[in-house]
Structures are given as C-alpha cells and as structure tokens.
Amino acid sequence: MDTLDVKDHSLPRLREAFAQRGLPAWRADQLASWVYRQGVEDPERMTNLPADLRARLGDELRLRALELESVEQAADGTQKGVLRAADGARLEAVLIPEEERTTLCVSTQVGCPLACSFCATGALGFTRNLRAAEIVDQVALLRAVLPPERPLTNVVFMGMGEPLLNLPAVLEAVRLLVDPKAFGFAPRRVTVSTAGVVPKIPALLRAVPVNLAVSLHATTDAVRDELVPLNRRFPLQVLLGALRELPEVSRRRPVFFEYTLLEGVNDSEADAARLVSLLAGLPSKVNVIPMNPHPDAPYRPPGPDAIDRFMAVLSRARLTTTLRRSRGSDIAAACGQLALRAARSAPDAEGAGPRTLRLQGAHALRGR
Ligand code: SAH
C-alpha cells in the first residue's frame, strides 16, 4: 500500500483513507487526538491504538513532514524556526509572543512567485508549493517550543509565499487547525493573507470561516503596479470591488488590510486620504506596517513624524487602525524579511556570504 501522509488530510479525508486501508474510521479520530490535541507523535505512547496500527505508523502511515532545524530568538522574544522538508527545501515560521496572545506566522510556499518589490521572500523567487502536512508541521513543531504557560493562540498565514496560489493545501491545513477534534483553534484566531489573488478569495471564505487579510500597500494602480506586480492582473478597483461583493464580510467580520509604509512612496497624507476613500463602506481594519528594511529592497520606513501624520488621517476618518510594531527584526524574522538569511550567507550560496551580511548591517543602520 502507498504511504499515507497523515497531516496532508483533514479529518473527514483521513477517515476515508483509513477506511480504504481496512482500518475503522474512528481510529483516525484517535490518532488525530494524539497528534493534534496532545502533541504526541511517538506511536509507543498511543496506548489506545492496537499494536498492528502502531507498527504501521511512521512507516506506511507517515506522521512527520518537516524537521525543525533551528530556532533563533530575538531580543523582543520573537522566535524564528528554520524547518527542512524531506527534499531538503527550507522554510521559516515565526512565533510572536504578545501580552494576551501568542501568534505563529506560517509559510505556504518555498519562496514566492509574486515578486513584490519590497519583500525579501519575493526576491528569492519561487521553488514550490508546500504540502498541507508541511504547513501543519510548522504549527505542530513550533507550538512544542513554547512553555506550557504560553499556549499558541493564533495562526496567521503571513510567512513565505502566497497562500491563495496554494489553495488546496492551505484549505486542508486550515481545516485541521479549526477542527475541534484536531488543533481546535477558533476560526477567528486563524488569518489567511493574500496579495490579492481575486478569483480565489470567495472559495477560501466559503470553505472556512477564517479572517481574510489583504496586502494593499498603495492607493493608486501606478504605485501598486510597482510594489505588487499582481496588481497588473487584478487592479485596485477589481480587488476592492470583489471584496465588496463577499457575503462573508461584515462589521463583525471585516477585511484586514496590511499597508506597508515606504518612505516617499506611499506614506503621504494624500495617500492616507485616498486609502480612506477607497475603503469607504467596506468593513475593514487597517494594519499599518512600517517597512522592515532588508538588503534586497531599496525602501526605508518613514520617520516617526511621517508615520504619525499618516495614522492621524486614518483615525480622524474613524478607520479602525493599528500600527504594527516591528517584531524580531534583529533576527530577520519581521514581516517581509523571511528569506533564509542563514542559507544565503553560506559560502556556496549565490553571492558572497560576508558581503550579504555587511550590506544587511548597513541597511539596518540607515533604516533606524
Ligand atoms: N503573500 C501573502 C502572504 C504574505 S503576508 C500576502 O502578500 O499577503 C506578509 C506581509 O508582510 C504582507 O502584507 C507583505 O506585504 C508584508 N511585507 C513584505 N515585505 C515587507 C517588509 N519589508 N516590511 C514590512 N512588511 C512587509
């Protein structure tokens, strides 16, 4: 019989796969309880499973899709995990502890095909989609890093890659996250972010009641074409028009907009005013993220005064707005910095290692 990768399948599909192998479907629920609810992956400890099923685990029924290669801790408590897949591909996931919650930011692709001009992942290019099991394993492996008094409370699909270009795997992973018999996260504690793959958005929200985040970053097509090349296919009016049509969006369930502030590019008060009018009548929350500098992009964050002026226009218009503090930037774990710095500074990686590191230092200084 073919190998079955357990974490590739939502529970209903795992039950079917069990049945096809002559196993009672309810054994799938028992296995899910060990793996997802209790975080146990050692078959020996799954005491309510029969010995022959335990013997098949790890072999014919594969549990693990990733290895956790390293965990790096930033000064502010943010932790970045570097994970390795069976084919050697490497990816990153970031744990962000806050006062009343702990969020994990997961990757959905190795690299990213969208090539947004300010994003370090975009500069890597695209290698491949992650499998559902590889998304799920980021959650399984990194929540195990947390101390018991700090449970994982939120998962955001905002790491490397564009989730909606890998929708089938993302959906299976999300189903496992929100299934009470698997991870059991409340759907509102799971957020999927897209740069605006318009045709896939309705299918996401129809399938799972998670939060939708949209990376907007600009208020004119001319600027957004430069920052998010996908805008040439789905320009602002098409994107926002589609969002207005979504039956799932309401005051109780607004769209989260990410707006990365780039000095001199999209940070003027006129930009803020345009943002207000673009979002008029659309239930929204705006998350403003000052650019996290990195060596692959020529942009910088605005100074504090410019940020204040931008935020003031939004709050005068009573838009719900938050300013996202940069977290983990000293270990390149902040938004848009996920590009496997360690891999790229290795001597055999493209470009000379020491040069990469020196450039990074220079940019970091100029960005302050
Ligand atoms: N591809 C999806 C998921 C990635 S989310 C999307 O674009 O929504 C990662 C978020 O970080 C996006 O909003 C992205 O635009 C933002 N980001 C990318 N590079 C950044 C940088 N250098 N500084 C701040 N935010 C950045």
Side-chain angles (χ1 to χ4, degrees), residues 78 80 91-94 96 103-126 129-130 135 138 154-167 169-170 173-174 190-198 200-201 204 210-218 223-224 226-231 233-234 239 243 255-263 265-267 284-302 307 322-329 332-339 341 360 363-364 366-367:
T78 303
K80 180 168 77 176
L91 53 129
E92 298 177 331
V94 181
I96 308 150
T103 303
L104 178 68
C105 178
V106 296
S107 296
T108 56
Q109 298 180 316
V110 182
C112 183
L114 293 185
C116 297
S117 60
F118 53 96
C119 179
T121 306
L124 280 182
F126 176 65
N129 278 333
L130 292 180
I135 299 171
Q138 297 172 57
N154 294 63
V155 177
V156 297
F157 286 66
M158 298 185 182
M160 309 170 90
E162 167 52 47
L164 295 197
L165 293 180
N166 187 14
L167 191 58
V170 165
V174 169
V190 177
T191 301
V192 176
S193 181
T194 179
V197 185
V198 169
K200 303 283 184 187
I201 294 174
L204 169 75
V210 293
N211 299 313
L212 174 70
V214 173
S215 295
L216 201 65
H217 309 314
V223 174
R224 198 164 188 268
E226 284 304 307
L227 300 179
V228 183
L230 183 68
N231 193 66
R233 271 174 69 200
F234 307 113
L239 172 60
L243 296 176
V255 179
F256 299 143
F257 287 99
E258 291 138 298
Y259 194 98
T260 299
L261 272 184
L262 313 173
E263 185 181 57
V265 177
N266 64 0
D267 63 341
S284 18
K285 279 190 185 174
V286 179
N287 218 321
V288 176
I289 318 165
M291 166 79 188
N292 294 304
H294 59 82
D296 291 316
Y299 308 106
R300 301 190 310 179
I307 296 177
T322 52
L323 181 63
R324 198 185 287 175
R325 259 183 327 134
S326 165
R327 301 289 308 257
S329 54
C335 303
Q337 293 186 323
L338 298 185
R341 183 174 58 172
Q360 185 142 9
H363 268 260
R366 260 185 280 139

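Because only heavy atoms are used, hydrogens play no part in the values below, and waters and symmetry mates are left out as well, while side chains stay in. As the structure is a prediction and not an experimental result, all values here were calculated from the model. In each ligand, atom 1 is the first atom listed, and ligand 1 is the first ligand listed.
- Leu167 approaches Lys200 most closely through the heavy-atom pair CD2-O, 4.0 Å.
- Across all their heavy atoms, Lys80 and Ala332 have their closest contact at NZ-O, 3.1 Å.
- The His294 neighbourhood of ligand 1 comprises atoms 22 (N), with distances under 4.0 Å to a heavy atom of that residue.
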Open item on the list: Run Glu162 and Thr194 through side-chain hydrogen bond (donor to acceptor under 3.5 Å, both in side chains) and show every step you take.
Closed with: CA-CA 6 Å; Glu162 167 52 47; Thr194 179; 2.7 Å; yes
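- Here the heavy atom of the protein found nearest to atom 23 (N) of ligand 1 is Asn292 N, 2.9 Å.
- Between Arg224 and Ser215, the closest heavy-atom pair is NH2-O, 2.7 Å.
- Taking atom 17 (N) of ligand 1 as the reference point, the nearest protein heavy-atom neighbour is Phe118 CE1, 3.7 Å.
- Nearest to atom 25 (N) of ligand 1 among the protein's heavy atoms is Thr260 OG1, 3.2 Å.
- Protein heavy atom nearest atom 2 (C) of ligand 1, with residue, atom name and distance: Glu162 OE1, 3.3 Å.
- Taking every heavy atom of Ser193 and a limit of under 4.0 angstrom, the matching atoms of ligand 1 come to 2 (C), 3 (C), 5 (S), 6 (C), 8 (O).
- Taking only non-hydrogen atoms, the option from Glu258, His217, Met158 nearest to atom 15 (O) of ligand 1 is His217.
- Atom 11 (O) of ligand 1 has as its closest protein heavy atom Cys335 CB, 3.5 Å.
- Judged as a side chain to side chain donor-acceptor pair (under 3.5 Å), and not counting sequence neighbours, Glu226 has no contacts.
- Within the 4.0 Å heavy-atom criterion, neither part of Val214 lies near ligand 1.
- No close placement of the Phe118 and His294 rings is indicated, their centers lying 6.0 Å or farther apart.
- The nearest heavy-atom contact from the protein to atom 7 (O) of ligand 1 is Ser215 OG, 3.2 Å.
- Of the candidates Gly196, Ala195, Gly159, Gly159 brings a heavy atom nearest to atom 4 (C) of ligand 1.
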TODO: Take Gln109 and Asn129 through the side-chain hydrogen bond (donor to acceptor under 3.5 Å, both in side chains) test and state the conclusion after the steps.
DONE: CA-CA 4 Å; Gln109 298 180 316; Asn129 278 333; 2.8 Å; yes
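- If you number the atoms of ligand 1 from 1 as listed, the ones under 4.0 Å from a heavy atom of Gly161 come out as 1 (N), 2 (C), 3 (C), 4 (C).
- Closest to atom 19 (N) of ligand 1 among all protein heavy atoms lies Gly336 CA, 2.9 Å.
- Closest heavy-atom contact between Ile307 and Pro302: CD1-O, 3.6 Å.
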TODO: Just do the side-chain hydrogen bond (donor to acceptor under 3.5 Å, both in side chains) check on Ser117 and Tyr299 with the steps written out, would you?
DONE: CA-CA 9 Å; Ser117 60; Tyr299 308 106; 3.0 Å; yes
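- Ligand 1 places these atoms under 4.0 Å from at least one heavy atom of Cys119: 18 (C), 19 (N).
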